[in-house]
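Accompanying notes for the structure given below.
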Amino acid sequence: MTQTAKPSVRHPRLKRNKLGLTQRDYEGSQSTLCAGCGHDSITAAITQAFFELDMPLHRVAKLSGIGCSSKTPTYFLSEAHGFNSVHGRMPSIATGANAANRDLSYIGVSGDGDSLSIGLGQFCHAIRRNVNMLYMLENNGVYGLTKGQFSASADVGSRAKRGEENRMSPIDPASLALTLGASFVARSFSGDKKQLVPIIKAALTHRGFALVDVISPCVTFNDHEGSTKSYAHTREHGHEVVETDFVPILHEIQAQQDHGSTTAVTMHDGSVVRFRSVDEGYDPTDRDAAYAHLKELQAKGEVATGLLFIEPTSMDLHAFENTVDQPLVDVPFEKLCPGSEVLAELQSRWR
Amino acid sequence: MTQTAKPSVRHPRLKRNKLGLTQRDYEGSQSTLCAGCGHDSITAAITQAFFELDMPLHRVAKLSGIGCSSKTPTYFLSEAHGFNSVHGRMPSIATGANAANRDLSYIGVSGDGDSLSIGLGQFCHAIRRNVNMLYMLENNGVYGLTKGQFSASADVGSRAKRGEENRMSPIDPASLALTLGASFVARSFSGDKKQLVPIIKAALTHRGFALVDVISPCVTFNDHEGSTKSYAHTREHGHEVVETDFVPILHEIQAQQDHGSTTAVTMHDGSVVRFRSVDEGYDPTDRDAAYAHLKELQAKGEVATGLLFIEPTSMDLHAFENTVDQPLVDVPFEKLCPGSEVLAELQSRWR
Amino acid sequence: MDRDSRDRTDDFVVTNDFVVKVATVNGTGSASANGMLMQAIFRMGIPVSGKNVFPSNIQGLPTWYEIRVNKHGHLARNPDVDLMVAMNPKTYEQDIAEVRPGGAVIYDSSWPLDEELFRKDVLFFGIPLSHMCVENFKGDRERILMKNIAYVGAVAALLSIDLEVIKGMLEEKFSAKQHLMDSNNVAIRLGYDYATEHFDCLLPIRLEAMDANRDSVLMTGNMAAALGCVYAGATVGAWYPITPATSLMDAFRSFCAELRKDPETGKNLYCVIQAEDELAAIGMVLGAGWMGARAFTPTSGPGISLMNEMLGLAYYAEIPAVIFDVQRTGPSTGMPTRTQQGDLFTIAFASHGDTKHILMFPADPGECFYFAVKAFDLAERFQTPVFVASDLDIGMNDWVCKKLEWDDAYVPDRGKVLSAEDLQGMDAFYRYLDVDGDGIPARSLPGVDPKGAYLTRGSGHDRFGRYTEDGDLYQDVMDRIARKIEGAAEALPPPEVRLVDGATVGLVTMGGCRGAVLEAIELLADEGITLDFLRVTGFPFCTAVEEFLLSHDVNIVVEQNRDAQLMRLLLLETAVPKSKLSSVLDYRGAPLSAEVVVGGVRDRLGLVPVEAG
Amino acid sequence: MDRDSRDRTDDFVVTNDFVVKVATVNGTGSASANGMLMQAIFRMGIPVSGKNVFPSNIQGLPTWYEIRVNKHGHLARNPDVDLMVAMNPKTYEQDIAEVRPGGAVIYDSSWPLDEELFRKDVLFFGIPLSHMCVENFKGDRERILMKNIAYVGAVAALLSIDLEVIKGMLEEKFSAKQHLMDSNNVAIRLGYDYATEHFDCLLPIRLEAMDANRDSVLMTGNMAAALGCVYAGATVGAWYPITPATSLMDAFRSFCAELRKDPETGKNLYCVIQAEDELAAIGMVLGAGWMGARAFTPTSGPGISLMNEMLGLAYYAEIPAVIFDVQRTGPSTGMPTRTQQGDLFTIAFASHGDTKHILMFPADPGECFYFAVKAFDLAERFQTPVFVASDLDIGMNDWVCKKLEWDDAYVPDRGKVLSAEDLQGMDAFYRYLDVDGDGIPARSLPGVDPKGAYLTRGSGHDRFGRYTEDGDLYQDVMDRIARKIEGAAEALPPPEVRLVDGATVGLVTMGGCRGAVLEAIELLADEGITLDFLRVTGFPFCTAVEEFLLSHDVNIVVEQNRDAQLMRLLLLETAVPKSKLSSVLDYRGAPLSAEVVVGGVRDRLGLVPVEAG
Ligand SMILES: Cc1ncc(C[n+]2csc(CCOP(=O)(O)OP(=O)(O)O)c2C)c(N)n1
Ligand SMILES: Cc1ncc(C[n+]2csc(CCOP(=O)(O)OP(=O)(O)O)c2C)c(N)n1
Ligand code: SF4
Ligand code: SF4
Ligand SMILES: [Mg+2]
Ligand SMILES: [Mg+2]
């Protein structure tokens with residue numbers, strides 16, 4: 001079904017992916033966000049990643065909460081089903097959806113208000129359950145849609161547009177996720193598509209909960225001097241600790257040929273994520289070391305970016321629950337209903 | 001007002017504190033918990049700590065959520081006001097109460113279900129706001145009152161009474177609190193009153209949010225073999241990283257005379273908490289090091305106990321909000337209501 | 001209740017019509033002993049009911065079990081105790097006071113009973129249960145457990161329960177555990193023999209085998225509802241533990257563990273998630289419902305309150321969901337182990353804004369099964385949350401019910417769900433378009449076909465599913481939803497109506513009040529007061545309900561809440577004038593008794609009680 | 001509305017009776033320009049209202065501002081546009097179509113207007129606003145901002161707004177920023193001069209100074225409510241941002257920053273906490289209320305839904321709390337920037353179990369102030385949550401209101417709060433004992449005296465405050481609470497009643513519908529239809545409300561929701577028979593207009609519209 005139409009100029013020479021689709025096919029309706037909003041850049045990166053992964057459009061389910069960030073599922077993959085839910089509760093909806101149909105690709109989009117204030121409990125518990133989804137946290141340090149209040153990710157000392165200073169310690173989604181045992185933790189910057197796209201691809205391929213925390217400046221309420229989530233501040237203080245390269249399953253893998261600092265992690269579907277540590281010795285498979293490094297950089301006022309941690313073999317929700325491989329929505333009723341004979345048998349015990 | 005009466009045998013020679021009260025005066029009504037429940041031991045430790053701190057009974061406010069643990073405020077300090085609220089929402093009620101009356105001593109009692117499942121969001125945000133209170137998390141790895149379901153603190157591999165194994169990674173309140181910037185993080189064991197009492201005293205003295213996570217076995221539903229929150233397991237795997245001694249304000253402090261491994265931290269009211277590191281080099285004022293050490297022990301299957309981290313000079317809710325020193329409930333109405341003249345003046349601008 | 005309502009034989013012994021109440025301490029194993037007692041009577045073919053009155057606590061507090069035996073099948077609670085098995089010294093005083101004159105008390109005579117507690121008008125049977133158990137068993141735990149079994153033996157002797165029946169039960173239960181079977185048998189005999197040997201004066205009450213239970217089984221409403229979920233093909237369950245709803249999901253899980261394993265892989269053909277709270281539980285249900293799974297959550301009042309926001313989302317975005325509200329005494333935490341019907345208003349109009357939800361009111365465990373199945377059909381057909389509102393009494397107590405039946409020809413009503421072929425054959429798919437004029441649009445499921453893609457949202461949308469802030473387009477959808485929900489009235493299970501010749505007064509009720517109300521109607525009929533009967537089974541109300549109300553001069557609505565919630569719903573949602581409505585309320589948390597209804601009706605009709613003849 | 005309701009001078013120019021609508025794009029500064037326009041008219045002493053119709057979006061989407069000028073003081077929304085200031089090409093089509101025949105359109109003629117958009121029956125004034133701004137200002141941002149000011153200048157010229165008034169406003173606003181004042185003055189002149197120079201054909205509408213606003217000020221309901229909180233002595237506020245309630249707490253904070261600093265230390269005599277969500281916000285309010293502070297939270301529908309559990313706790317544990325529900329269009333997220341009165345049922349009976357809450361319905365910002373103060377008095381007196389239910393229109397739009405007055409003799413009604421001396425003088429203190437027979441027990445505050453200590457709880461408790469699972473003791477407390485809440489009916493602000501001779505039909509409404517309904521009554525009176533007027537101001541309803549309803553043959557209830565929530569509450573909670581109730585509903589999200597009421601009333605009374613004469 002079409003949303004508000006976007007001027008649809010088709011470039012005949014646009015690149016096509018394996019499904020014969022162009023990147024345009026992965027777009028959605030026209031964004032209604034402020035011009036320059038970081039969220040729009042993330043939308044573009046998502047679009048590109050899905051395109052490059054040759055993902056069938058209708059096999060994707062996109063979910064969100066409420067906020068400017070949560071509006072963005074309208075702006076990509078218009079031929080995927082979407083669910084713009086209520087504030088802070090997207091994780092539970094995604095969990096239930098995934099429980100019912102494990103075969104779709106899930107992408108949840110949320111904001112720092114949506115995930116770290118009202119939705120903090122659900123966010124943490126979705127991590128614990130390792131729900132198989134890409135969780136995109138579009139982090140701008142403020143509540144954009146309600147006009148610029150500090151969110152829980154606002155840094156100590158960051159100043160609001162009207163001047164007040166935040167003094168409470170921020171909730172940092174990446175270190176929180178590491179603490180909670182998340183199986184995939186990445187951070188990036190909306191302004192760095194080169195870093196973001198392979199991270200999104202890896203996250204979509206990961207089996208389990210993949211947190212992608214993206215600093216995504218709010219041009220209207222949090223892009224001024226004194227803000228630590230502005231374009232300028234993020235450009236200056238972002239610090240890539242590891243470079244990521246995503247190699248799809250069918251590509252030839254030139255794994256061990258690289259420099260010594262490269263590691264490769266094979267995903268459950270056979271695709272490979274290659275890492276090149278920027279910070280000497282950084283090991284994205286060592287949770288506690290990753291945490292320590294993050295905190296060290298944070299103490300210096302720097303924001304660690306990259307695919308910070310991955311544990312590709314962790315159990316996901318379905319492994320915990322030992323559900324059948326077939327999506328539950330596809331199991332025929334005959335296999336679900338035990339029938340009249342069983343009912344009689346059962347009841348013979350209830351006397 | 002009296003609750004269900006407890007057989008009140010008065011021992012004439014009972015020790016009295018500075019207020020002339022005996023420890024009996026700090027008790028509450030008869031517990032209705034299962035015989036042997038860890039929570040009852042914590043109640044006893046709380047009683048003793050308040051007694052030893054010479055705390056005026058009615059200047060204490062005790063709050064809780066819902067659960068067996070949350071019932072315990074009835075069992076101590078019957079002459080203090082209490083608030084047995086709803087499941088998981090005690091932190092917000094404590095926050096509002098503290099905002100209104102900063103002069104009382106606040107103790108919140110909660111369980112692992114209450115704090116880490118339904119109440120996780122409020123728990124984290126009370127930490128962030130550094131609400132001045134002792135937060136007692138009576139952690140038994142199960143929902144006691146609803147008959148033994150796993151809670152979010154159940155360890156990987158821990159078995160329920162009926163045999164199922166928990167496979168989701170636990171939420172560890174102590175490391176979570178460290179990650180979130182908590183200013184006081186302790187862990188103890190209900191069976192270790194010697195360790196627990198000074199920690200409670202320090203926590204009550206601390207200005208800010210003092211988390212005391214106490215492993216408190218549920219004898220009815222989680223004290224069997226295979227449980228990692230049983231008495232036996234906790235005795236065996238508990239690992240004290242630092243010994244704590246609480247020295248009240250008026251006592252003479254023999255601070256620097258101790259062995260090299262002792263540190264002393266002066267609290268805002270002048271009392272002193274002395275530490276003796278059991279694990280070589282453990283520094284309870286270094287958050288990231290404390291976190292790393294916790295995780296290291298955890299990897300070995302050990303549970304770090306002691307006053308793990310303290311930051312005695314952090315800002316609390318009232319510092320963030322810059323409220324007056326006088327409790328807001330005591331500010332006379334005349335100081336609050338600007339009066340008719342101001343109203344007229346104000347409105348002259350609204351034309 | 002008037003004494004005379006009981007049939008007495010010439011020698012003043014009442015057969016199969018009395019109440020036994022057992023007073024114990026919780027966490028001591030008495031619950032299973034009491035269950036045995038009830039089960040034995042059931043197996044003797046006698047109509048029986050058992051009501052567990054337990055504290056919100058795990059161990060050490062007073063607890064009671066009330067067994068009513070009634071050969072006519074009146075099985076509502078009856079507070080008039082014939083025999084008190086007083087096993088808890090802490091509650092001796094109130095327990096002994098509760099016994100009706102001429103009744104009896106069994107107590108543990110291991111310690112002497114306080115003189116003051118004796119009553120002249122009541123028989124006392126002292127049995128040294130503790131002493132006997134200390135002598136015969138080892139270890140505290142076993143002694144405590146076996147004391148319960150021993151009083152079962154004593155009661156069996158006094159009421160003439162067939163010992164073979166009890167032995168048979170023990171054999172089934174402990175077939176694998178010889179040791180336990182042995183101790184239980186010993187304990188039973190201890191009590192039985194002591195009673196037979198020491199008490200030659202017989203009780204004025206007695207059991208005699210009947211054949212009333214041939215087609216019946218014993219079950220709880222939560223068990224039955226869970227089984228309904230299994231049979232309806234529900235695959236996703238999400239919940240947060242809460243009394244009295246927890247056992248519903250426990251039962252679902254254990255039924256599924258037995259009946260829903262993939263034969264090839266041994267993997268689960270279901271997914272049950274213990275959510276972090278009720279907000280998440282209902283969220284999971286909506287997520288699964290959106291995907292096309294049949295999904296449900298059991299909860300109670302506090303959970304319903306927490307689900308409010310999501311329920312509005314489900315209503316407005318039109319997502320199927322089944323919610324079991326096993327009601328307990330509110331408001332707030334209230335009395336978690338006491339029953340009530342206090343959530344009607346909350347569930348009927350849950351969430352801010354204009355909403356109205358479909359409700360079902362099962363009267364007993366049997367209906368819990370059938371209504372559960374129906375609830376999934378309705379939820380999918382009307383694409384909206386459906387509440388099955390039972391209560392603690394129905395949900396957690398064992399009821400004697402007609403055996404459940406299943407029609408293997410049953411096909412789930414999935415409602416208007418479009419297949420890939422359907423979608424491909426359409427010019428365009430619009431999610432909220434009322435093509436058929438019944439207010440129900442067709443829905444597409446994610447993953448099926450790109451043509452079915454749309455964005456589900458709780459924000460303003462038009463009939464095409466597009467975001468809108470246009471008032472007319474918004475109204476269009478809201479009006480259709482209102483129409484859709486009205487349409488559910490006739491699709492719900494029909495109300496139960498019993499008409500008597502010449503009655504001008506209707507007695508109206510719902511759910512678990514059924515038994516007490518029907519019994520009251522019989523009792524009042526004996527006094528010459530004829531009453532018609534209407535049991536409401538669902539909301540919105542169908543025309544049959546409205547017609548009943550309109551056709552009576554007075555309708556007395558009997559329900560278990562303070563604010564007459566059902567009566568008020570009837571007032572709001574049917575054409576009945578106020579003048580025709582009146583109500584009888586009992587909201588003290590115990591299952592309703594006919595006594596309360598009789599008293600209430602007499603009072604409403606301005607009648608004085610007839611003298612006991 | 002019929003054309004003829006406007007007074008026209010002989011030359012067909014209407015003075016001080018028309019509607020101007022400005023169509024722009026949000027996030028461009030047009031809101032403040034439009035506010036200036038309205039303020040200028042206000043300063044000319046003419047009755048005026050301004051309604052902002054904005055999207056749920058930050059920047060770039062269509063937005064409108066409707067200014068109604070009416071010398072008789074009818075200031076409800078009127079959708080009949082005389083002058084459209086069409087500044088957004090994306091909505092030209094619908095904007096131009098909305099203008100009434102004979103009306104006019106101002107547009108930006110920097111680019112030619114599409115031929116198809118022209119209408120013959122409407123005047124078009126093209127002004128090259130963008131061109132002029134490009135020529136006169138530098139930088140994109142300033143050019144966009146100044147375009148807005150320029151159209152203000154043009155409108156001022158066309159409507160004869162006194163330029164001096166506007167200049168005065170600019171001087172006040174930009175006294176500290178000479179540069180801004182200069183640009184604004186230039187922009188005003190650009191528009192003004194262009195209009196005066198190019199358009200000699202005059203508009204059929206015109207302004208003329210009056211003296212109607214001498215005792216009035218401009219304010220929003222949220223501002224006024226916030227000020228009420230300040231004056232009532234509220235010290236703790238907790239909230240989670242949500243449109244349209246956010247500006248209430250913003251206002252409270254800024255009033256407090258100015259008026260509530262401790263003179264000696266500069267510290268705050270208040271504490272405002274941005275909670276992590278609404279569950280926490282209400283929790284904080286209850287915590288503070290328990291401690292004895294006056295505490296409040298502003299929210300809207302979704303927040304109310306989330307607060308449900310805690311509201312039941314507050315009801316049952318009897319904790320004062322003030323909740324401002326600034327209603328928006330539901331259900332679910334609905335239309336967050338549109339107004340509605342859709343939360344009545346939810347707030348009246350919030351939470352599971354039997355509950356009933358005190359509600360207040362302010363009609364305008366002035367009442368928001370007074371009702372806010374009263375709400376704290378009632379909350380403390382009745383020890384329960386009190387809801388002040390306003391809506392987006394009242395809360396966020398600027399209204400011309402009578403100046404607020406304050407009686408310095410006001411003493412807060414703290415209700416029965418016991419001091420240390422009170423407590424010491426008592427034999428024993430029992431929290432829930434109804435000593436005075438009014439259903440209101442006394443409460444003690446923490447920290448005051450050990451004798452006042454008790455455990456507040458949401459679980460079952462008896463009149464002494466002790467935990468109970470005893471049905472009778474539970475009922476005792478529940479019955480008292482019901483009595484207590486009933487007692488609030490007469491303590492609420494009295495309803496507004498206006499009676500006309502001979503009227504047999506009552507027009508009943510609440511809140512922000514007041515203006516439209518009163519205007520409709522006048523219009524219908526012109527047609528010979530006399531109607532009495534009742535405006536309900538609170539719930540539970542007082543006897544005056546009931547008497548009004550009973551004394552009319554028909555009561556037509558006008559409200560802004562789909563399900564006639566006020567009418568249904570009246571049906572439930574007064575003795576009025578169904579036959580006397582009828583309703584007119586508009587729930588499309590715009591402030592109500594008299595037109596809808598007139599049409600609805602005619603329809604309900606079976607009348608046909610009178611021909612326009
Ligand atoms: C229950 C509820 N409370 C409050 C709101 C209002 N609200 C809408 S979006 C939002 C914050 C969004 O912040 P964030 O998630 O950071 O998204 P951003 O706009 O910054 O991308 C709030 C508070 C709501 N929609 N629902
Ligand atoms: C809203 C709500 N949901 C569920 C419950 C039921 N409930 C009561 S206590 C409890 C869990 C308590 O676990 P925990 O906090 O660990 O306490 P414990 O009993 O183990 O000490 C639950 C789920 C409730 N009271 N309220
Ligand atoms: S307000 Fe901020 S977050 Fe929202 S769209 Fe604008 S720039 Fe983006
Ligand atoms: S159930 Fe467990 S937690 Fe509850 S009282 Fe008993 S032992 Fe303690
Ligand atoms: Mg944000
Ligand atoms: Mg627990």
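Numbers restart at 1 for each chain; the letters A, B, ... are given by sequence-line order, proteins then strands.
Of the residues considered (Asp563(C), Val576(C), Asp343(C), Asp586(C)), Asp563(C) shows the highest number of contacts with chain D, using heavy-atom pairs under 4.5 Å. With respect to chain C, the highest number of heavy-atom pairs below 4.5 Å among Gly334(D), Gly460(D), Ala314(D), Gly312(D) belongs to Gly334(D). Between chain D and the options Pro302(C), Ala350(C), Pro55(C), heavy-atom pairs under 4.5 Å are most frequent for Pro302(C). Taking Ser459(D), Gly589(D), Ala590(D) one by one and counting their heavy-atom pairs under 4.5 Å with chain C, the maximum is reached by Ser459(D). Ranked by heavy-atom pairs under 4.5 Å with chain C, the list Pro336(D), Ala482(D), Ala317(D), Gly303(D) is led by Ala482(D). Among Ser579(D), Ser300(D), Gly471(D), Pro577(D), the residue making the largest number of heavy-atom pairs under 4.5 Å with chain C is Gly471(D).
Contact annotation for Glu309(D): both backbone and side-chain heavy atoms come within less than 4.5 Å of a heavy atom of chain C. Proximity to chain D (any heavy atom under 4.5 Å) is shown, for Ser56(C), by both the backbone and the side chain. Heavy atoms closer than 4.5 Å to chain D are found in the side chain of Tyr315(C), but not in its backbone. Contact annotation for Gln94(C): neither backbone nor side-chain heavy atoms come within less than 4.5 Å of a heavy atom of chain D. Contact annotation for Leu473(D): neither backbone nor side-chain heavy atoms come within less than 4.5 Å of a heavy atom of chain C. Contacts of Glu573(D) with chain C are made by side-chain atoms alone, with heavy-atom separations under 4.5 Å and no backbone atom involved. Only the backbone of Asp470(C) has a heavy atom closer than 4.5 Å to any heavy atom of chain D. Using a 4.5 Å cut-off between heavy atoms, Gln327(C) makes no contact with chain D at all. Heavy atoms closer than 4.5 Å to chain D are found in the backbone of Ala575(C), but not in its side chain. With a 4.5 angstrom heavy-atom cutoff, Val53(D) does not touch chain C via any of its atoms. With a 4.5 angstrom heavy-atom cutoff, Tyr474(C) touches chain D only via side-chain atoms. Contact of Arg338(C) with chain D is made through the side chain alone, with heavy-atom distances under 4.5 Å.
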Starting from the C-alpha separation in whole Å, work towards a yes-or-no answer on side chain to side chain donor-acceptor pair (under 3.5 Å) for Asp354(D) and Gln565(C). CA-CA 8 Å; Asp354(D) 291 303; Gln565(C) 298 189 27; 2.8 Å; yes

Decide side chain to side chain contact (heavy atoms under 4.5 Å, CB included) for Leu279(C) and Leu306(D); before the verdict, give the C-alpha distance in whole Å, the side-chain angles of both, and the deciding distance to 0.1 Å. CA-CA 9 Å; Leu279(C) 293 96; Leu306(D) 288 172; 3.6 Å; yes

Determine, stepwise, if the pair His352(D) / Thr346(C) fulfils side chain to side chain donor-acceptor pair (under 3.5 Å). CA-CA 6 Å; His352(D) 62 281; Thr346(C) 301; over 6 Å; no

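In this structure, Glu93(D) places its CD atom where only 12 or fewer heavy-atom neighbours from other residues, nucleotides or ligands lie under 6.0 Å away.
A salt bridge is defined here as a Lys NZ or Arg NE, NH1 or NH2 lying under 4.0 Å from an Asp or Glu carboxylate O, and Asp479(C) with Arg562(D) fails to meet this definition. One finds no salt bridge joining Glu469(D) and Arg588(C) here, because no Lys/Arg side-chain nitrogen approaches an Asp/Glu carboxylate oxygen to under 4.0 Å.
Within the 4.5 Å cutoff, the side chain of Leu571(C) has heavy atoms near those of the Leu572(D) side chain. Side-chain contact between Pro331(D) and Ser351(C) is absent, with no heavy atoms from C-beta onward closer than 4.5 Å. For the pair Phe349(C) and Arg568(D), the minimum side-chain heavy-atom distance is below 4.5 Å. Proximity of Thr574(C) to Lys578(D): side-chain heavy atoms (C-beta onward) are separated by under 4.5 Å at one or more points.
Summarising the geometry of Gly330(D) relative to Met478(C), their closest heavy-atom pair is O-CE, 4.4 Å, with the distance given to 0.1 Å.
In this pair, Phe345(C) and Phe345(D) present their aromatic rings parallel. The plane angle is below 30°, not in the 30 to 60° band.
The side-chain contact (heavy atoms from CB on, under 4.5 Å) test with Ser332(C) is passed by exactly one of Thr355(D), Leu313(D), Leu311(D): Leu313(D).
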